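Below: the structure, in structure tokens.
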Amino acid sequence: MNEIYLDNATTTQLDPWVLEEMKPFLLQEYAAPSGHFGYQASLDAKEKLEQARATIARSINAEPEEIIFTSGGTEANNLALLGLARALKKPAHLVTTAIEHESVLNTLKALKKEGVEFTLVGVDQNGLIKLDEFKAALRPETILCSVQLVNQEVGTIQPLKKIGKLCAERGIGFHTDAVNGWGRVGFDVKKTNLSLAALTAHKIHGPKGIGALYKRKDVKLSPIMYGGYNEFELRPGTENLPGAVGMARAVEMMKPEHIEHIDKLKRMLWWGIKKDIPWVHLNGSIDRGAPHIINVTFDYIEGESILLHLDMQGIAAATGSACFSKALEASYVLLAMGRPHEQAHGSMRFSFSRFNTEEEIKRTLDALKGIVADLRKLSPLTPDKEA
Ligand SMILES: Cc1ncc(COP(=O)(O)O)c(C=O)c1O
């Protein structure tokens with residue numbers, strides 16, 4: 001494991017307290033929580049599952065029966081989009097943004113094969129949805145708009161309240177992929193007029209493999225998997241009780257002082273980079289972005305090269321989104337924000353958690369200064385006189 005981990009928008013360390021909370025449900029109280037087995041251990045497990053559901057509901061101002069446990073954010077987004085479109089059983093139209101996570105974009109591409117149309121709305125240079133374009137994209141047959149809370153690459157926070165109001169005025173459903181914002185950027189499903197919202201535990205120091213979909217009571221979905229009748233007949237399979245307990249504990253442990261801490265680290269790294277390294281650009285907004293993400297372009301060099309050199313010094317960060325760094329393609333998020341290809345290639349994402357320290361940020365800054373200077377000496381693109 002890298003000594004310094006600055007990739008907390010991909011996943012986070014499990015908090016040891018969360019693990020302690022989960023342990024009894026892995027080792028001693030392992031009965032299935034469906035509650036229909038008729039023995040005490042299962043009834044106790046069911047009670048614990050319902051407590052976890054209530055805690056998660058409270059964190060977004062929902063009712064417990066509006067929370068459906070899933071295997072994570074990807075499944076929650078799939079259930080929201082496929083489930084709603086299939087429940088309607090007629091050709092329909094959805095609206096989303098060009099910078100959503102693949103679990104939204106690829107689900108919509110799959111829905112297209114079922115006759116469901118969708119429109120991608122553009123974003124401005126900071127990654128904010130273009131509201132005029134959004135309004136123009138709405139059609140009489142639009143059933144749902146899906147706009148994320150926080151962008152996974154640049155940390156842009158979308159104006160969900162405004163979008164929710166526009167949807168409510170037109171009787172259109174509103175879904176948010178809140179996976180990279182939940183617990184770090186507050187949101188309230190009622191004030192935001194949300195019909196659906198996807199959550200995950202592993203981005204906030206909970207376990208991997210558990211998430212949830214918020215579904216407002218009156219919203220009708222079709223299941224996307226078939227089996228037993230758990231989770232309000234929307235998600236079959238034996239419930240992941242240790243995961244649910246861990247997820248609830250994880251969100252309870254997200255405190256305002258943690259957010260202040262990660263916001264401070266984010267600013268420290270950005271101001272340090274800006275002060276000591278020439279030819280850098282911030283992608284997104286430092287003051288209006290999420291507290292845990294910055295995305296920086298280092299001109300004339302590849303993000304991949306920086307990533308590898310940081311890794312050699314024990315520092316984990318990311319270029320673009322995790323999936324795209326594998327494909328070595330320029331980030332579609334940065335391209336949608338109007339960045340030229342070369343800049344989209346030279347970008348790095350640093351993302352923070354409460355377990356990071358100021359000392360780690362200082363070490364990362366020192367490492368970056370050396371790496372960027374060395375790579376620029378080798379790059380044929382670096383302007384001669386200033387190299
Ligand atoms: C914005 C966003 N949505 C969805 C997901 C997928 O979540 P999960 O890993 O829980 O399936 C991620 C994770 O990378 C994400 O950042």
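Numbering starts at 1 and runs along the sequence shown. Side chains are part of it too, since the values below use all heavy atoms of this structure and drop only hydrogens, waters and symmetry mates. What you see is a predicted model; the values in this text were computed from it and never measured. When a ligand or atom number is given, it counts from 1 through the structure's own listing order.
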Evaluate the side-chain proximity of L138 to C145: yes if any heavy-atom separation is below 4.5 Å, no if none is.
yes

Is I293 close to N151 at the side-chain level, that is, under 4.5 Å between some pair of heavy atoms?
no

Among all the protein's non-hydrogen atoms, which is closest to [atom], and how far away is it?
| atom | value |
| --- | --- |
| atom 11 (O) of ligand 1 | T74 OG1, 2.6 Å |
| atom 14 (O) of ligand 1 | K203 NZ, 2.6 Å |
| atom 16 (O) of ligand 1 | N180 ND2, 2.8 Å |
| atom 10 (O) of ligand 1 | T200 OG1, 2.6 Å |
| atom 1 (C) of ligand 1 | D177 OD2, 3.3 Å |
| atom 12 (C) of ligand 1 | H101 NE2, 3.4 Å |

Can a side-chain donor-acceptor contact be found between T10 and R349 if the only test is distance below 3.5 angstrom?
yes

Run the contact test for H202 against ligand 1 with a 4.0 Å cut-off on heavy atoms, strictly below, and give the result.
yes

Does S103 have a heavy atom less than 4.0 Å from any atom of ligand 1?
yes

Counting heavy atoms only, which of G73, A9, G72 is nearest atom 7 (O) of ligand 1?
G73

Carboxylate-amine/guanidinium contact D366 K369, below 4.0 Å
yes

Provide the full list of salt bridge (Lys or Arg N to Asp or Glu O under 4.0 Å) pairs with a residue in residues 222-238, sequence neighbours left out, each pair given once.
R53-E231, E75-R235

Donor-acceptor pair, side chain of H258 and main chain of K255, under 3.5 angstrom:
yes

Ligand 1 to Q152, heavy atom cutoff 4.0 Å, flagged ligand atoms 1 (C), 16 (O)

Partner residues of D44 under the salt bridge (charged side-chain N to carboxylate O under 4.0 Å, His left out) criterion, sequence neighbours left out:
none

